[in-house]
Amino acid sequence: MHNNANLIPFCLFLRKNTTLPLQGFFGEEVVTKLTIMEYRFSEIETRWKQYWEENKVYKVSNDSSKPKYYVLDMFPYPSGAGLHVGHPLGYIASDIYARYKRLNGFNVLHPMGYDAFGLPAEQYAIQTGVQPAISTAQNIARYRSQLDNLGFSFDWDREVQTSNPSYYKWTQWIFLQLFSHYYDTQADAARPISALEVHFSRHGSSNLNAAHNDFDAFTAEEWQEMNKAEKETILMNFRLAYRKVTYVNWCEALGTVLANDEVKDGVSERGGHPVEKKPMMQWSLRITAYAERLLNDLQTLDYSDAMKKMQSNWIGRSEGARMFFGVESSDVKLEIFTTRPDTLFGVTFMVLAPEHELVASLTTPEQESKVAEYLTYVQSRSERERMAEVKEVTGEFLGSFAVNPFNGKKIPIFIGEYVLKDYGTGAIMAVPSDDDRDNLFALKFGIEIIDVIDKSKYPGATRNDKLGVMINSEILDGMEVPDAIEFMLKEIENKGIGSRQVNYKLRDAIYSRQRYWGEPFPIIYDKEGIAIPLDEKDLPLELPVLENFQPASGAVSPLARAQDWVNLPNGDKRETDTMPGFAGSSWYFLRYMDPSNDQVFASDDALNYWKDVDLYVGGTEHAVGHLMYSRFWHKFLYDLGKVPTIEPYKKLINQGMIQGVVESVYLQKDKIQGKNRFISASLLKSEEEKGHHFTKIPVLVDYVTDYGNMTGSHLSEKGVQQFIKWRPEFASAIFVSEGGSIENGIFTPNKEDDSFQLITYSEVGKMSKSLYNVINPDDVVSKYGADCFRMYEMFLGPVEQAKPWDTKGIDGVNKFLRKVWHLFRDAEGNWLLNDKPASLEAFKVLHTAIKKIQDDITRFSFNTCISGFMIAVNDFQKMNCHHKEVLNPFLILLAPFAPFLSEELWQQAGNKGSIHQAVFPVFESKYLEESSIEYPVSINGKLRATLTFDANGGEAEIKEAVLQLEQIKKWTEGQTIVKIIVVPKRMINIVIK
RNA sequence: GCCGGAGUGGCGGAAUUGGUAGACGCGCUGGACUCAAAAUCCAGUAACAGCAAUGUUGUGCGGGUUCGAUUCCCGCCUCCGGUACCA
């Protein structure tokens with residue numbers, strides 16, 4: 001609409017018969033003059049972009065006397081699709097905030113980089129053979145130009161890319177630190193593994209305070225006699241990065257293992273492929289050691305309550321008892337975890353996870369075949385099936401009996417799918433009276449149910465609530481549930497059959513991926529299979545270039561093919577798995593502080609100056625993945641004394657997703673005489689009544705004409721032609737609208753005057769290539785300019801809120817920016833700047849705006865902030881006010897290319913130096929002070945009048961004045977005034993009877 | 001199921017501490033300028049009744065507290081997000 005090519009003839013036409021003399025029409029001079037008059041954003045933006053780059057306007061120094069402020073965006077994964085309009089939402093918000101802080105005298109670190117390792121680049125390589133390094137570099141270049149188009153104030157000299165060896169050198173380095181440390185549960189900190197070796201050689205495995213996997217106890221003497229391999233095996237159970245056979249989420253389609261947060265609803269988050277549980281030898285990170293700190297320190301953070309809740313649910317702390325049940329005529333002790341020791345007298349059976357290691361030994365000969373059958377059934381089921389049929393209880397009796405340690409009762413032992421191998425001990429005591437699942441199980445297998453809690457005192461309490469009075473429980477009878485829990489915990493410890501235990505849902509993070517495009521592990525295996533860390537001086541261990549990216553068979557990384565790389569001259573072999581996506585992103589914010597340091601990941605000076613991220617902006621989808629991992633790594637680095645703060649991100653804002661509008665046409669599922677048939681959405685109901693079924697086919701929004709006021713869109717005849725061109729498989733389809741149908745491109749109307757309008761179905765959904773609703777910010781920018789795009793995205797609604805992209809309102813913002821431009825230009829396009837002091841009224845408008853903009857930015861409310869800006873400009877325009885005082889740098893926060901400003905105008909207005917050194921204007925309340933204030937006066941809540949009172953009058957004075965007023969006397973005549981409520985500067989209410 | 005969040009005009013949304021509900025923008029209606037259109041400017045725009053002044057109703061539904069409730073409390077409904085055999 002406003003690109004230059006169209007503008008010149010348009011302007012000529014515009015002025016043709018109005019103010020210009022006819023002979024000037026085609027003259028050079030007139031054309032030039034006319035074009036100056038328009039707000040030509042692309043010219044302005046290009047000029048500023050160049051200026052910013054040449055002068056490194058946004059370069060930040062680590063050496064400053066100013067206070068620091070760190071504004072961080074979650075860095076993007078540079079996918080082949082490029083940025084869509086949803087991505088910049090958070091970047092725009094954080095950019096406004098960063099600029100605001102800069103104008104307020106802070107030294108602001110506001111960097112950007114790329115999370116460049118990951119699956120899509122590798123999948124692309126598998127399909128096309130293009131090296132991931134090359135496609136990633138191309139994608140990054142595209143992202144960069146898209147970002148540059150939007151006018152962000154990033155310091156690009158600090159850019160990081162996680163796939164760059166100079167970056168992942170330090171990712172590998174941190175891994176080595178995790179490998180060489182264990183978690184001291186007494187000191188509540190990570191400690192060098194060497195300290196543990198000293199302990200072992202003195203005390204063996206007794207008196208240990210260390211987070212660990214299961215291992216067999218040993219004495220100091222035994223330790224000293226162990227060979228290196230045996231010692232390493234023991235130590236592996238303590239390292240914060242350790243290798244172990246674990247039940248992992250194996251995704252066959254992706255050929256790799258996935259972390260818990262990468263699996264959603266039983267399928268992979270990327271690609272939606274099925275996932276199965278499989279025991280595999282994997283590297284893991286002992287994040288569970290930090291569970292308590294990750295949970296407790298949430299309190300110190302300025303995150304939304306929802307975010308904190310999500311994280312604490314994911315950590316899933318529960319308190320209870322770990323205790324042993326004996327098994328009848330056997331030495332086996334069955335260990336269980338329960339949060340309800342109060343219900344011990346209601347236990348009528350035990351359930352083990354099917355994978356539990358005691359299953360075989362507890363199975364009696366007569367039950368053997370049945371158990372085997374059940375195990376086969378369990379193995380045949382995918383994760384997805386298991387999750388889908390939650391209500392269905394399955395299980396099998398093992399034939400053995402456990403013994404209740406409190407009353408000696410015989411309890412049958414079952415296995416069942418609903419008990420999970422990797423939570424608690426993988427075994428439970430089942431109390432059918434007070435647990436829904438146990439109850440279902442008991443009903444299905446006809447097991448006794450003993451009521452142990454009388455809930456009659458608590459109407460509405462469910463089976464799972466910890467409420468009621470104990471019954472049928474011998475020593476506990478008559479106690480309230482919480483007291484009984486406490487009592488039994490003590491009893492269990494007294495009897496020596498168990499102890500208090502805190503359990504977490506959080507699992508250790510699986511850290512191996514059988515993929516190519518990730519950080520190689522700095523680990524070598526010797527002939528005995530002992531994992532040996534690389535020396536720090538040998539980092540980075542660079543990823544070798546591969547020709548073939550196909551996943552290798554047998555759950556091995558494609559890296560195994562790089563024989564030269566894998567096999568070392570002395571016969572040792574390198575680890576061939578790579579690190580997961582979250583490795584590089586767990587610490588990138590630290591690298592920005594000192595991005596090119598090759599001695600340390602960041603210097604102490606840099607770390608001590610920047611400390612932590614003051615404001616972090618990003619999507620909620622990272623709530624339990626990235627955020628948890630990076631908090632964990634940060635705490636670990638803190639334990640090592642490498643970072644000065646216990647938390648990485650002080651304040652977190654989650655921007656909402658920008659969704660797309662998905663327009664679809666209804667396609668009949670069953671073909672009629674071999675032909676596809678599309679119908680208008682308006683006909684859907686009647687067609688369905690005829691017994692037809694339909695499916696939705698997304699159509700390109702460009703083909704869809706908006707009805708304007710009405711909801712819904714439609715395909716015209718032309719739209720159908722375009723649709724067919726784009727989907728040739730539907731060339732011979734029939735398109736049925738209310739007015740008639742199209743077949744083979746020919747429209748047959750029902751009646752003479754009927755037109756063709758195929759109503760589409762529109763809904764809000766993801767912005768995605770496959771739904772043909774992706775909107776590229778570049779297109780919006782070339783049409784309206786970056787300032788307009790940025791302001792419009794902010795104006796759309798609260799940053800935190802999800803909303804569909806809709807260009808309907810963008811004209812309002814565009815109009816506004818042109819208005820601002822014209823505020824400082826005369827009819828000839830010359831600068832318009834009044835030197836005389838502005839009126840008090842203008843100052844009032846200005847300071848109202850300053851206050852509002854300041855308040856709104858502080859509370860991250862950019863939509864209302866822009867409203868305030870708009871009001872001010874409208875007022876200035878009405879006052880015809882072009883005074884220099886009005887020219888304030890707060891404008892460039894919201895529209896950084898500031899079409900209405902320029903360096904020279906800024907200086908003409910009497911300012912020294914560059915506009916980029918401007919400071920945010922100081923709000924002066926004196927301009928808003930009133931000598932008198934208008935009060936709405938209500939009687940019994942009903943608005944009666946607006947009366948003016950002295951602004952300096954106190955409440956008592958106003959009350960007095962109200963009573964003296966003739967009008968009031970008239971209105972309240974014959975009634976008793978109960979009281980007068982004066983809300984200062986707001987309203988007056990008189991209560992009468 | 002459980003845990004969060006939200007529900008306000010034709011639409012996006014505002015109301016910061018309980019104080020004139022609907023700011024700002026879109027859309028729509030009318031007007032000015034124009035032979036005309038576009039652009040721009042002005043006015044109107046929650047619903048209902050009325051020529052109007054004005055009145056009545058109104059923030060998902062039902063109740064409550066209060067002089068006064070979009071805001072606080074109790075009970076429902078709907079939508080969105082997270083999570084799910086977690087013992």
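Only a predicted model underlies this, so the values are computations on that prediction, with no experimental measurement involved. Lettering of chains follows the sequences in order, A, B, ..., and the numbering in each one begins at 1.
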If you write RNA chain B from 5' to 3' in dot-bracket form, with Watson-Crick or G-U pairs under 3.5 Å, [ ] for crossing pairs and | for pairs with another strand, what do you get?
(((((((..(((......[....)))((((((.......))))))((((....))))..(((((..]....))))))))))))....

With sequence neighbours excluded, tell me which residues meet side-chain contact (heavy atoms from CB on, under 4.5 Å) with A/E417.
A/Y374, A/Y377, A/V378, A/R381, A/R386, A/T394

Taking only side-chain nitrogens and oxygens of A/K815, does any of them come within less than 4.0 Å of OP1 or OP2 of B/rC26?
yes

Rounded to whole Å, please give me the gap between NZ in A/K421 and C1' in B/rC86.
14 Å

Between C1' of B/rG82 and NZ of A/K505, the distance in whole Å
11 Å

Take atom NZ of A/K466 and atom C1' of B/rA87, then tell me their distance rounded to the nearest Å.
10 Å

Sidechain-backbone polar pair: A/D806 side chain, A/K808 backbone, donor-acceptor under 3.5 Å:
yes

One thing to verify: whether A/K815 and A/D811 come together as a salt bridge, which I'm taking to mean a side-chain N less than 4.0 angstrom from a carboxylate O.
no

Presence of A/R317 side-chain N/O under 4.0 Å of B/rC86 phosphate oxygens OP1/OP2
no

Between A/K803 and A/E793, is the closest basic N to carboxylate O distance under 4.0 Å?
no

Is a side-chain donor or acceptor of A/N989 paired with a backbone partner of A/I981 at a separation under 3.5 angstrom?
no

Sticking with atom C1', work out how far B/rA69 lies from B/rC74, rounded to a whole angstrom.
15 Å

Acceptor/donor pairs from residues 339-352 of chain A side chains to any protein atom, 3.5 angstrom cut, sequence neighbours excluded:
residue	atom	partner	partner atom	Å
A/R340	NE	A/D342	OD1	3.1
A/R340	NE	A/D342	OD2	3.4
A/R340	NH2	A/D342	OD2	3.0
A/T343	OG1	A/R340	O	2.8
A/T348	OG1	A/E448	O	2.9

Could you pick out which residue, A/G868 or A/L420, lies toward the 5' side of RNA chain B when each is mapped onto its nearest nucleotide?
A/G868

Are A/N874 and B/rG25 close enough that a side-chain N or O sits under 4.0 Å from OP1 or OP2?
yes

A/V351 near the nucleic acid: base, sugar-phosphate alone, or nothing, with a heavy-atom cut-off under 4.0 Å?
nothing

Looking at B/rG1, I'd like to know if its phosphate oxygens (OP1 or OP2) sit under 4.0 Å from a side-chain N or O belonging to A/R437.
no

Here's a test of your reading of the structure: between A/A306 and A/K878, which maps to the more 5' nucleotide of RNA chain B?
A/A306

Could you tell me how the ring of A/F441 sits relative to the ring of A/F414: parallel (under 30°), tilted (30 to 60°) or perpendicular (over 60°)?
perpendicular

Take atom P in B/rU70 and the same atom in B/rU8, then report the distance between them in whole Å.
14 Å

Going by an N to O cut-off under 4.0 Å, is there a salt bridge joining A/R500 and A/E319?
no

Work out how far the P atom of B/rU40 is from that of B/rA47, and round it to whole angstrom.
26 Å

Return the value, rounded to whole Å, for the distance between atom CG of A/D508 and atom P of B/rC86.
21 Å

Please state whether the rings of A/Y100 and A/Y97 are parallel, tilted or perpendicular, taking 30° and 60° as the class boundaries.
tilted

In whole angstrom, give me the gap between the P atoms of B/rA6 and B/rA87.
28 Å

In whole angstrom, give the distance that lies between atom CE of A/M310 and atom C1' of B/rC2.
15 Å

Span that lies between the P atom of B/rC72 and that of B/rG4, in whole angstrom
16 Å

Below 3.5 Å is the cut-off: list the nitrogen or oxygen pairs between protein and nucleotides 12-16 of chain B, distance only.
residue	atom	partner	partner atom	Å
B/rG12	O2'	A/L796	O	2.6
B/rG13	OP1	A/Q801	NE2	2.4
B/rG13	O3'	A/N863	ND2	3.4
B/rA14	OP1	A/N863	ND2	3.4
B/rA15	OP1	A/R859	NH2	3.1

Rounded P spacing from B/rU17 to B/rG27 in Å
33 Å

Whole Å only: how far is the NE2 atom of A/H356 from the P atom of B/rA87?
17 Å

Return the set of residues passing side-chain contact (heavy atoms from CB on, under 4.5 Å) with A/S433 (not counting sequence neighbours), or none when no residue passes.
A/V431, A/I449, A/D451, A/V452

Looking only at the aromatic ring of each residue, does the gap between the centers of A/Y792 and A/W805 stay below 6.0 angstrom?
yes

Length of the line joining A/L298:CG and B/rC3:P, which is rounded to integer Å
19 Å

Between protein and nucleotides 65-74 of chain B, what N or O pairs are separated by less than 3.5 Å?
residue	atom	partner	partner atom	Å
B/rC67	O2	A/N989	ND2	2.2

Give a yes or no on whether a salt bridge exists between A/R463 and A/D436, defined as a side-chain N under 4.0 angstrom from a carboxylate O.
yes

With sugar-phosphate meaning primed atoms plus P, OP1 and OP2, does A/K819 contact a base, only sugar-phosphate, or nothing at under 4.0 Å between heavy atoms?
sugar-phosphate

Indicate yes or no: does A/K851 engage A/D855 in a salt bridge with an N to O separation below 4.0 Å.
yes

Quantified in whole Å, what is the P atom distance between nucleotide B/rA23 and nucleotide B/rA36?
34 Å

Identify whether any heavy atom of A/R322 sits under 4.0 Å from a base atom; if not, whether one sits that close to sugar-phosphate; answer base, sugar-phosphate or nothing.
nothing

Apply the syn/anti split at 90° from 0 to B/rG9 and say which one it is.
syn

